[in-house]
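Notes to accompany the following structure.
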Amino acid sequence: MGYDFTVYKGSKDGSIQKASTHRDALEKDQVLVRVTHSGVCFTDVHYRHTDMALGHEGAGVVEETGPDVQDLKKGDRVGWGYEHDCCGRCSRCLTGWETFCDERKMYAAADLDQGSFASHAVWREAFLFRIPDAIKNEDAAPLMCGGSTVFNALYVARVRPTARVGIIGVGGLGHLAIQFAAKMGCQVVVFSGSDSKKEEATKLGATEFYATKGMKELKIQSKLDNLIVTTSSQPDWNQYVNVLNPGATISPLSVDSEDFKFPYMALLANGFKVMGSIVSARQVHRDMLDFAAFHGIKPINMTYPMTQEGIQDCLKTLEEGKMRYRGLLIAQ
């Protein structure tokens with residue numbers, strides 16, 4: 001007995017290939033999930049030229065459970081994100097930082113034959129997240145990575161409710177970061193290339209908005225305690241040095257192959273802190289979902305069918321910078 005299900009893979013030429021994969025009978029705490037929705041992240045663009053199943057922002061419904069599953073049952077709504085497994089015994093795992101486990105299993109590094117661009121998936125119960133009743137699957141999927149990433153940045157930087165939080169970029173990550181920071185009680189200061197997204201950013205919770213294109217020096221009402229960078233590439237760091245309070249924390253979330261190069265003496269003289277972070281560990285991820293459910297935080301989605309053509313259209317829109325703001329694939 002086993003399970004055969006459809007997955008959509010990348011390929012050498014970047015085209016999306018429909019394929020199938022197989023899982024044997026469920027063991028231990030494994031769960032078979034029928035995928036209803038998948039968020040699309042720019043990381044999926046990076047791996048579309050790789051022979052692997054794509055997608056890591058899954059939401060769906062439990063269809064079957066393994067013998068050691070304790071809490072989930074058939075019909076429950078669940079989601080999953082970037083991490084699939086960890087050793088469970090090292091110091092990182094035992095202190096709630098399993099995202100840094102040496103034996104962690106992450107998207108594009110393990111389980112390459114399955115992802116969220118699929119009809120089904122089999123994951124451990126320990127790495128599935130029950131979706132709160134107040135959140136629909138279509139809104140939950142993009143939170144599994146996009147929401148998890150920005151919430152974790154706020155969490156590890158220990159952002160205070162009284163903080164002035166700068167957010168660079170109003171995109172897939174930025175529009176979620178604005179909402180989370182605003183609902184935490186922060187003053188949210190948004191930086192974007194032009195004024196085209198000012199009205200939307202304000203509706204999401206921004207208290208100030210600054211267009212940066214062509215600006216040699218930024219001038220804002222008062223300096224920032226935190227700066228979260230959500231753009232697809234690093235900003236001109238020199239442009240932001242003078243708008244940061246001494247001791248400010250910088251959280252760069254851009255996936256960029258270039259080295260981090262920051263004005264060195266400004267870093268020393270002002271005691272700036274640069275805080276790296278990835279997606280949330282599991283308890284923080286649960287907290288993120290509960291927070292989003294309580295405060296009504298939702299992604300703004302552009303929807304596409306979960307087909308070869310739909311996935312290719314979605315990735316094209318994302319690559320061209322025309323996505324507002326998260327791509328969402330819907331199972332047909």
Side-chain angles (χ1 to χ4, degrees), residues 1-12 14-66 68-69 72 74 76-86 98-99 101 103-131 137 140-146 148 279 282 285 304-308 310-312 314-315 327-332:
M1 180 182 173
Y3 308 93
D4 294 295
F5 47 90
T6 299
V7 296
Y8 294 94
K9 304 173 68 176
S11 64
K12 190 173 182 180
S15 63
I16 301 303
Q17 302 296 316
K18 185 177 181 179
S20 63
T21 193
H22 178 83
R23 283 291 187 274
D24 293 328
L26 300 179
E27 299 178 347
K28 299 181 179 179
D29 72 339
Q30 290 181 329
V31 177
L32 174 67
V33 180
R34 175 175 56 82
V35 180
T36 61
H37 299 80
S38 175
V40 181
C41 184
F42 212 90
T43 311
D44 300 315
V45 173
H46 294 316
Y47 290 112
R48 69 178 299 173
H49 293 276
T50 305
D51 181 20
M52 56 172 272
L54 298 174
H56 58 278
E57 291 186 331
V61 178
V62 172
E63 286 206 336
E64 291 190 39
T65 58
D68 295 340
V69 170
L72 294 177
K74 185 175 181 178
D76 284 346
R77 297 185 305 119
V78 295
W80 73 89
Y82 216 82
E83 186 173 21
H84 308 146
D85 207 347
C86 65
E98 68 270 10
T99 47
C101 172
E103 297 179 33
R104 66 188 182 184
K105 291 185 178 180
M106 294 281 206
Y107 176 62
D111 304 306
L112 300 183
D113 67 322
Q114 63 170 6
S116 59
F117 297 5
S119 63
H120 295 76
V122 174
W123 301 118
R124 289 187 59 202
E125 179 187 35
F127 286 83
L128 290 170
F129 302 97
R130 192 188 299 273
I131 298 172
N137 280 21
L143 295 177
M144 295 298 159
C145 177
S148 177
V279 294
R282 285 171 290 174
H285 192 113
Y304 301 82
M306 197 179 301
T307 61
Q308 284 177 275
I311 294 168
Q312 289 178 161
C314 182
L315 293 176
L328 179 73
L329 301 175
I330 303 175
Q332 300 304 291

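Computation of the quantities below employed the complete heavy-atom set of this structure, encompassing side-chain atoms and omitting hydrogens, waters and symmetry-equivalent molecules.
Taken from CG in Leu143 to CZ in Phe129, the straight-line distance is 12.0 Å, to the nearest 0.5 Å. Taken from CZ in Phe127 to NE2 in His285, the straight-line distance is 11.5 Å, to the nearest 0.5 Å. Rounding to the nearest 0.5 Å places SG of Cys41 at 11.0 Å from CG of Leu315. Going from atom CH2 of Trp80 over to atom CE of Met144 covers 9.5 Å, rounded to the nearest 0.5 Å. From Lys12, atom NZ reaches atom CG of Asp51 across 11.5 Å, with rounding to the nearest 0.5 Å. Separating the CG atom in Leu54 from the CG atom in Leu329 is a distance of 10.0 Å, to the nearest 0.5 Å.
Contacts of Arg23 classified as salt bridge (Lys or Arg N to Asp or Glu O under 4.0 Å), with partners at least two apart in sequence or in another chain: Asp113. Phe42 meets the side chain to side chain contact (heavy atoms under 4.5 Å, CB included) test with Val45, His46, Leu318; sequence neighbours excluded. When the side chain to side chain contact (heavy atoms under 4.5 Å, CB included) test is applied to Arg130, the partners found at least two apart in sequence or on another chain are Asp71, Leu72, Asp76. By the salt bridge (Lys or Arg N to Asp or Glu O under 4.0 Å) test, Glu98 pairs with Arg282, sequence neighbours left out. For Gln17, the side chain to side chain contact (heavy atoms under 4.5 Å, CB included) partners two or more places apart in sequence, or in a different chain, are Ser11, Ser15. Arg124 pairs by the salt bridge (Lys or Arg N to Asp or Glu O under 4.0 Å) definition with Asp29, Asp85, not counting sequence neighbours. In this structure Tyr47 satisfies the ring-ring contact (aromatic ring centres under 6.0 Å, His included) test together with Tyr107, sequence neighbours excluded. Ala25 pairs by the side chain to side chain contact (heavy atoms under 4.5 Å, CB included) definition with nothing, not counting sequence neighbours. For Tyr304, the ring-ring contact (aromatic ring centres under 6.0 Å, His included) test picks out no residue, with sequence neighbours left out. Taking the side-chain hydrogen bond (donor to acceptor under 3.5 Å, both in side chains) definition, one finds that His56 meets it with Asp44, sequence neighbours left out. Checked against ring-ring contact (aromatic ring centres under 6.0 Å, His included), His120 has no partners two or more places apart in sequence or in another chain. With sequence neighbours left out, the side-chain hydrogen bond (donor to acceptor under 3.5 Å, both in side chains) criterion links Asp68 to no other residue.
Side-chain contact between Ser148 and Val279 is present, with at least one heavy-atom pair separated by less than 4.5 Å. In this structure, the side chains of Val40 and Phe117 come closer than 4.5 Å at one or more pairs of heavy atoms.
A donor-acceptor pair under 3.5 Å links the side-chain atoms of Ser119 to the main chain of Thr6, judged by distance alone. Remark: side-chain polar atoms of Gln114 are paired, donor with acceptor, to backbone N or O of Val122 under 3.5 angstrom.
With Glu63 as the fixed residue, the salt bridge (charged side-chain N to carboxylate O under 4.0 Å, His left out) test singles out one of Arg77, Lys74, Arg34: Arg34.
Closest non-hydrogen pair, His22 versus Gly2, comes out as CE1-CA, 3.8 Å. What you find for Val69 and Gln30 is that their closest heavy atoms are CG2-O, 3.5 Å. When all heavy atoms are compared, the tightest approach of Gln332 to Met306 is NE2-N, 3.8 Å. Nearest heavy-atom pair, Gly115 versus Ala53, reported as atom, atom and distance to 0.1 Å: N-CB, 3.7 Å. Taking every heavy atom of both residues into account, Cys314 and Gly327 meet most closely at SG-CA, 3.9 Å. Taking both residues in full, the closest heavy atoms of Ala118 and Val35 are given as O-CB, 3.3 Å, listed atom of the first, atom of the second, then distance.
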### Query
For Asp111 and Trp123, what are the C-alpha separation, side-chain angles and deciding distance, and is it a side chain to side chain contact (heavy atoms under 4.5 Å, CB included)?
CA-CA 10 Å; Asp111 304 306; Trp123 301 118; 3.7 Å; yes

### Message
Val78 vs Val31, test: side chain to side chain contact (heavy atoms under 4.5 Å, CB included). Steps then yes/no.
### Response
CA-CA 10 Å; Val78 295; Val31 177; 5.7 Å; no

